[in-house]
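Taking it in order: structure first as structure tokens, then the write-up.
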2 protein chains.
Amino acid sequence: METPITPTEPPHTFAECTRVAVPMIQVLGRISGRWSLYVIMALMRGPMRFSELRRQVHGVSQKMLTQTLRELEEDGIVHRTVTPIIPPRVDYELTDMGRELQAPLTAISEWTERNGDRVARARERYAAAKGI
Amino acid sequence: METPITPTEPPHTFAECTRVAVPMIQVLGRISGRWSLYVIMALMRGPMRFSELRRQVHGVSQKMLTQTLRELEEDGIVHRTVTPIIPPRVDYELTDMGRELQAPLTAISEWTERNGDRVARARERYAAAKGI
DNA sequence: CAGGATCCTGATTGATACTG
DNA sequence: CAGTATCAATCAGGATCCTG
């Protein structure tokens with residue numbers, strides 16, 4: 001019998017191909033928080049201070065940036081360095097693990113590049129069909 | 001000058017590596033909707049009827065399953081076939097584009113497999129440090 | 001069987017003000 | 001500068017009832 005797919009009770013198979021989908025869900029959840037991916041992408045350019053990060057990631061509120069960074073730090077994707085001077089200085093950088101995200105993110109990016117047009121056309125068709 | 005990263009105004013670079021991040025965000029947004037990934041994973045096993053899908057994806061409400069399927073259909077990831085009989089029969093299956101998601105999802109899955117433990121340990125450390 | 005329409009609630013997010 | 005704290009608004013998700 002096939003393992004049912006559930007978000008609450010861990011192990012289940014991922015097609016006929018891979019396993020580990022629950023942590024995967026959690027990872028995706030983190031990655032795709034409203035701002036996480038943007039922060040990660042910004043940090044892939046190199047280490048950055050809070051204020052610089054805030055300038056890079058347009059539209060993020062200081063509250064959400066802080067929160068996002070805390071979550072990424074909690075997961076060991078981002079490293080936070082506090083220099084206790086006045087005024088305070090805090091630097092952020094990706095950890096090794098964080099940098100390793102580049103491969104999977106690139107894979108998604110490639111899928112997007114290959115299929116972006118098709119998605120757009122699918123949406124148009126859908127909208128048109130709905131209009132009829 | 002570097003292109004700033006923004007969720008509302010499209011083009012910006014993805015590290016020194018790839019481009020196209022805005023559709024990527026949208027894709028991730030879709031993929032990581034609470035249920036989307038589970039539905040996709042279920043459908044990677046093969047075509048399925050609504051009721052079967054609902055059994056496979058534990059805990060999903062009928063409303064959310066419907067909504068998720070509509071979104072995936074709108075993006076051209078899932079194909080919907082209605083057989084107008086009584087009682088109605090509706091089949092769902094991945095499109096080619098949907099099946100191609102396997103590669104990127106596998107990449108994330110692999111990252112998770114390599115780093116799941118590290119994430120767990122990072123969280124423990126973070127919790128411990130916060131406790132002090 | 002498949003899904004539309006409502007109502008309702010808790011979680012997310014944003015704006016604002018304050019601080020070491 | 002880099003936050004924390006608070007309040008208000010928005011929204012996604014679930015429960016329930018209904019129908020071709």
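Labels below follow one simple rule: chain letters A, B, ... track the order of the sequence lines, proteins then strands, and each chain is numbered from 1.
Across B:W111 and A:P104, no two heavy atoms sit closer than the pair CB-CG, 3.9 Å. Of all heavy-atom pairs spanning B:E73 and A:Y126, the tightest one is OE1-CE1, 3.7 Å.
Going from atom CE of A:M64 over to atom C1' of C:dT16 covers 16 Å, rounded to whole Å. For the pair A:E71 CD and C:dT13 P, the computed distance is 8 Å after rounding to whole Å. Protein atom CD1 of A:I85 is 18 Å distant from nucleotide atom P of C:dG20, rounded to whole Å. When rounded to the nearest whole Å, the span between CH2 of B:W35 and C1' of D:dG13 equals 9 Å. Taking atom OH of residue B:Y38 and atom P of nucleotide D:dG13, one finds them 13 Å apart after rounding to whole Å. The distance between atom CD of A:Q67 and atom P of D:dA5, rounded to the nearest whole Å, is 13 Å. For the pair A:M48 CE and D:dC1 P, the interatomic distance rounds to 16 Å; values are reported in whole Å.
Under a 4.0 Å N-O distance rule, the pair A:E100/B:R118 qualifies as a salt bridge. Using a cut-off of 4.0 Å between Lys/Arg side-chain N and Asp/Glu carboxylate O, A:E124 and A:R121 are scored as not salt-bridged.
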Please list, for nucleotides 1-5 of chain C, all pairs of protein and nucleotide N/O atoms separated by less than 3.5 Å.
{"from": "C:dC1", "atom 1": "O3'", "to": "B:R49", "atom 2": "NH2", "distance (Å)": "3.1"}
{"from": "C:dA2", "atom 1": "OP1", "to": "B:R49", "atom 2": "NE", "distance (Å)": "3.1"}
{"from": "C:dA2", "atom 1": "OP1", "to": "B:R49", "atom 2": "NH2", "distance (Å)": "3.1"}
{"from": "C:dA2", "atom 1": "OP2", "to": "B:S51", "atom 2": "N", "distance (Å)": "3.0"}
{"from": "C:dA2", "atom 1": "OP2", "to": "B:S51", "atom 2": "OG", "distance (Å)": "2.8"}
{"from": "C:dG3", "atom 1": "OP1", "to": "B:R70", "atom 2": "NH2", "distance (Å)": "3.4"}
{"from": "C:dG3", "atom 1": "OP1", "to": "B:R80", "atom 2": "NE", "distance (Å)": "3.1"}
{"from": "C:dG3", "atom 1": "OP1", "to": "B:R80", "atom 2": "NH2", "distance (Å)": "2.6"}
{"from": "C:dG3", "atom 1": "OP1", "to": "B:Y92", "atom 2": "OH", "distance (Å)": "3.1"}
{"from": "C:dG3", "atom 1": "OP2", "to": "B:Y92", "atom 2": "OH", "distance (Å)": "3.1"}
{"from": "C:dG3", "atom 1": "N7", "to": "B:Q62", "atom 2": "NE2", "distance (Å)": "2.4"}
{"from": "C:dG3", "atom 1": "O6", "to": "B:Q62", "atom 2": "NE2", "distance (Å)": "3.4"}
{"from": "C:dG4", "atom 1": "OP1", "to": "B:R70", "atom 2": "NH2", "distance (Å)": "3.4"}
{"from": "C:dG4", "atom 1": "O6", "to": "B:Q62", "atom 2": "NE2", "distance (Å)": "3.1"}

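Checked by atom type and distance alone, the side chain of A:T95 never pairs as donor or acceptor with a backbone atom of A:H79 at under 3.5 Å.
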Q. Yes or no on side-chain contact (heavy atoms from CB on, under 4.5 Å) for A:Q62 and A:R54, after CA distance, side-chain angles and deciding distance?
A. CA-CA 7 Å; A:Q62 156 253 55; A:R54 193 169 174 193; 3.1 Å; yes
